[in-house]
Amino acid sequence: MKNILSSYNITYNNSKVHHCDLIDLPKVYSNNGSLTAINNNTEAPFSIKRVYYLYDIPSGASRGGHAHKHLYQLVVAASGSFDVILDDGNFKRTITLNQPFIGLLIVPGIWRELANFSSGAICLVLASDVYMEEDYFRDYTEFQAQKI
Ligand code: TYD
């Protein structure tokens with residue numbers, strides 16, 4: 001995955017929805033429950049600098065509504081399910097996440113909305129950098145204008 005990413009030479013203005021990929025995460029099963037581990041530069045194809053999670057999401061709410069300039073993210077439905085609507089300015093792709101051992105890699109320059117959260121859903125996000133408001137496109141017209 002790391003090689004694929006560098007060979008695409010992805011930047012926020014040339015990235016496409018098909019650069020976003022589902023990643024199978026290892027599942028260690030036992031009779032007492034399952035465990036999934038995500039390591040830097042292996043299961044996650046970048047160095048993880050931040051982890052955050054969304055929870056207590058009211059029925060009918062949506063999240064996201066922005067794109068990032070440089071940030072890579074791996075999004076996991078740690079519990080429950082939700083849809084991720086990806087948009088590269090030309091094409092949209094909707095992915096349903098509903099398994100804690102599947103991650104969705106979102107590359108820079110992809111507008112995303114998260115919607116249709118099930119009750120009790122937890123959206124776990126592993127990110128390649130710390131929170132920086134300067135890294136966001138929050139205006140869709142501005143986002144679309146800079147896409148090649
Ligand atoms: P935002 O990224 O817009 O959340 P979402 O995409 O889930 O709707 O962030 C919502 C608020 O939380 C915003 O005020 C910034 C703040 N925030 C942090 O303080 N740290 C973080 O790591 C993130 C992702 C957001």
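A donor-acceptor contact closer than 3.5 angstrom links the side chains of Asp87 and Tyr140. Side-chain contact annotation: Thr96 with Asp83, donor-acceptor N/O pair under 3.5 Å present. There is a side-chain donor-acceptor pair under 3.5 Å between Thr11 and Asn13.
If you run side-chain contact (heavy atoms from CB on, under 4.5 Å) between Leu71 and each of Asp129, Val107, Ile106, only Asp129 comes through.
Using a 4.5 Å heavy-atom cutoff, the side chains of Ile23 and Ile102 are not in contact. The shortest side-chain heavy-atom distance between Gln73 and Tyr52 falls under the 4.5 Å cut-off.
A 6.0 Å sphere centred on OH of Tyr131 holds more than 12 heavy atoms belonging to other residues, nucleotides or ligands.
Distance CG/Asn98 to OG/Ser79: 11.0 Å, rounded to 0.5 Å.
Contact record, Ile122 with Phe82: O-CE2, 4.0 Å, taken as the closest heavy-atom pair. Closest approach of Ile10 to Ser15, counting heavy atoms only: CG2-CB, 3.6 Å.
Between Phe143 and Trp111, the ring planes are tilted. Angles from 30° to 60° get that label. In this structure, His68 and His66 have perpendicular ring planes: the angle between them is above 60°, well past the 30° mark.
Geometrically, Lys69 engages Phe137 in a cation-pi contact defined by less than 6.0 Å to the ring centre and at most 45° from the axis.
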